[in-house]
Amino acid sequence: MTQDEMKKAAAAAALEYVEPGMIVGIGTGSTANHFIDLLAEIKHKIDATVASSIASEERLKAHGITVLDLNNAGALSLYVDGADESNKSLHLIKGGGGALTREKIVAAASDKFVCIADESKLVDTLGKFPLPVEVIPMAQSYIGREIVKMGATPILREGFTTDNGNIIIDVHGMEITDAIKMEADFNKLAGVVTVGLFASRPADVLILGTPTGAVTV
Ligand code: 5RP
């Protein structure tokens with residue numbers, strides 16, 4: 001099975017969490033795209049969706065799936081999204097696609113967060129994947145210096161602007177042993193919009209695609 005087929009297997013398994021009449025929160029990325037495409041086959045079953053990015057919104061709409069503004073949807077019962085890394089506590093690194101802020105908002109507004117990924121995303125220690133941080137542009141240099149003080153290397157994601165009009169700094173060389181504390185530490189920095197650590201609100205379920213099919217962690 002290819003990595004993409006494993007992502008699709010995880011996405012297919014997540015369909016079991018979709019119940020009639022739900023408004024479903026939808027993530028961003030190639031694994032979330034598989035989920036969107038599979039959701040299209042049962043779109044009559046759900047009420048609507050809330051998207052975590054413009055890209056996902058466009059894909060949902062292309063399938064004829066209703067997309068609501070989160071402000072008009074109330075609390076969501078389910079959020080389905082991918083991840084760049086997960087540890088065994090289901091603390092995640094997200095934001096490889098740059099949608100971390102809207103993803104974190106939709107995850108926070110949802111009762112259950114089902115994370116879907118291929119098996120390569122499960123790691124012992126978070127941080128090999130560069131940690132994305134969404135930053136207000138005028139704070140770029142300041143945040144860069146703070147990251148260097150933490151002993152890591154900040155690299156600007158060149159030519160990339162988030163859906164919210166901000167920049168992404170990818171933090172390289174960070175070994176994350178206490179994800180909850182590190183998330184809080186980043187959140188305290190002026191100019192940080194969102195750090196791509198999902199630890200204070202981790203995933204509730206992790207479905208991994210493996211060569212022999214989907215496995216729930
Ligand atoms: C986007 C994300 C994605 O969930 C993450 O990058 C995983 O992407 P993929 O499913 O393509 O491997 O956080 O901001």
Side-chain angles (χ1 to χ4, degrees), residues 1-84 86 92-121 132 134 160-165 168 194 196 198 201 203-210 213-216:
M1 234 195 231
T2 64
Q3 187 182 28
D4 195 56
E5 285 167 340
M6 288 191 260
K7 289 179 179 190
K8 190 171 180 184
L15 283 180
E16 289 185 15
Y17 290 84
V18 178
E19 289 172 15
M22 270 185 170
I23 300 176
V24 184
I26 307 288
T28 300
S30 57
T31 320
N33 281 346
H34 280 305
F35 182 73
I36 292 170
D37 297 346
L38 293 163
L39 189 66
E41 293 167 21
I42 57 159
K43 64 181 177 189
H44 54 277
K45 207 172 138 180
I46 60 167
D47 241 27
T49 58
V50 170
S52 63
S53 63
I54 294 169
S56 291
E57 179 173 350
E58 286 172 352
R59 196 175 187 100
L60 287 158
K61 285 183 173 166
H63 280 300
I65 299 173
T66 306
V67 183
L68 298 180
D69 185 302
L70 180 62
N71 290 312
N72 299 326
L76 307 178
S77 31
L78 178 65
Y79 179 55
V80 180
D81 195 1
D84 298 301
S86 174
L92 312 174
I93 288 184
K94 290 185 46 54
L100 59 164
T101 297
R102 295 186 186 200
E103 290 173 341
K104 202 175 264 199
I105 295 167
V106 183
S110 301
D111 293 335
K112 183 171 276 186
F113 178 1
V114 174
C115 182
I116 50 178
D118 68 89
E119 63 175 2
S120 71
K121 305 291 182 72
E134 180 165 354
F160 185 86
T161 305
T162 69
D163 285 351
N164 315 304
I168 298 278
T194 310
F198 287 52
R201 199 279 179 253
D204 299 304
V205 177
L206 174 63
I207 303 175
L208 291 177
T210 77
V215 170
T216 301

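Residue numbers run from 1 in the order of the sequence given. Because the structure is predicted, anything quoted here is derived from the model rather than measured.
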[X]: partners by salt bridge (Lys or Arg N to Asp or Glu O under 4.0 Å), with sequence neighbours left out:
X	answer
Asp111	none
Asp4	none
Lys8	none

For this session: Under the ring-ring contact (aromatic ring centres under 6.0 Å, His included) rule, collect the residues that match up with Phe198, sequence neighbours excluded.
Result: none
Exercise. Among all residues two or more places apart in sequence or in another chain, which pass the ring-ring contact (aromatic ring centres under 6.0 Å, His included) test with Phe35?
Worked result: none
Exercise. Tell me the ring-ring contact (aromatic ring centres under 6.0 Å, His included) pairs involving residues 48-80, sequence neighbours left out?
Worked result: Tyr79-Phe113
Working to the nearest 0.5 angstrom, can you tell me the gap between [X] [atom1] and [Y] [atom2]?
X	Y	atom1	atom2	result
Asp84	Ile93	CG	CD1	7.5 Å
Ile105	Ser110	CD1	OG	11.5 Å
Met6	Thr210	CE	OG1	7.5 Å
Ile46	Thr66	CD1	OG1	7.5 Å

For this session: Go through the steps for Thr31 and Asp118 under the test side-chain contact (heavy atoms from CB on, under 4.5 Å), then give the verdict.
Result: CA-CA 8 Å; Thr31 320; Asp118 68 89; 5.7 Å; no
Of all heavy-atom pairs between [X] and [Y], which one has the smallest distance, and what is that distance?
X	Y	value
Leu100	Gly95	CB-CA, 3.9 Å
Gly25	Val106	CA-CG1, 3.9 Å
Val50	Ala73	CG2-CB, 3.7 Å

For this session: With sequence neighbours excluded, tell me which residues meet side chain to side chain donor-acceptor pair (under 3.5 Å) with Lys121.
Result: none
Problem set entry | Pairs flagged by salt bridge (charged side-chain N to carboxylate O under 4.0 Å, His left out) wherever residues 61-75 is involved - sequence neighbours left out | Glu57-Lys61
Problem set entry | salt bridge (charged side-chain N to carboxylate O under 4.0 Å, His left out) contacts in which one or both residues fall within residues 24-40, not counting sequence neighbours | Asp37-Arg59
Exercise. Can you find a heavy atom in the side chain of Thr162 that is under 4.5 Å from one in the side chain of Ile168?
Worked result: yes
Exercise. Considering only heavy atoms from C-beta outward, does the side chain of Val80 approach that of Leu39 to under 4.5 Å?
Worked result: no
For this session: Determine which pairs satisfy side chain to side chain donor-acceptor pair (under 3.5 Å) with at least one residue from residues 95-107, sequence neighbours left out, and list them in order.
Result: Lys94-Glu103, Thr101-Glu134, Thr101-Thr194, Arg102-Asn164, Lys104-Glu183
Exercise. Can you pull the side chain to side chain donor-acceptor pair (under 3.5 Å) pairs that have at least one residue in residues 42-52, sequence neighbours excluded?
Worked result: Thr28-Ser52
Exercise. Donor-acceptor pair, Asp163 side chain versus Ser53 backbone, under 3.5 Å?
Worked result: no
Please table the atom pairs, donor to acceptor, closer than 3.5 Å between any side-chain atom in residues 10-22 and protein atoms at least two apart or in another chain.
none

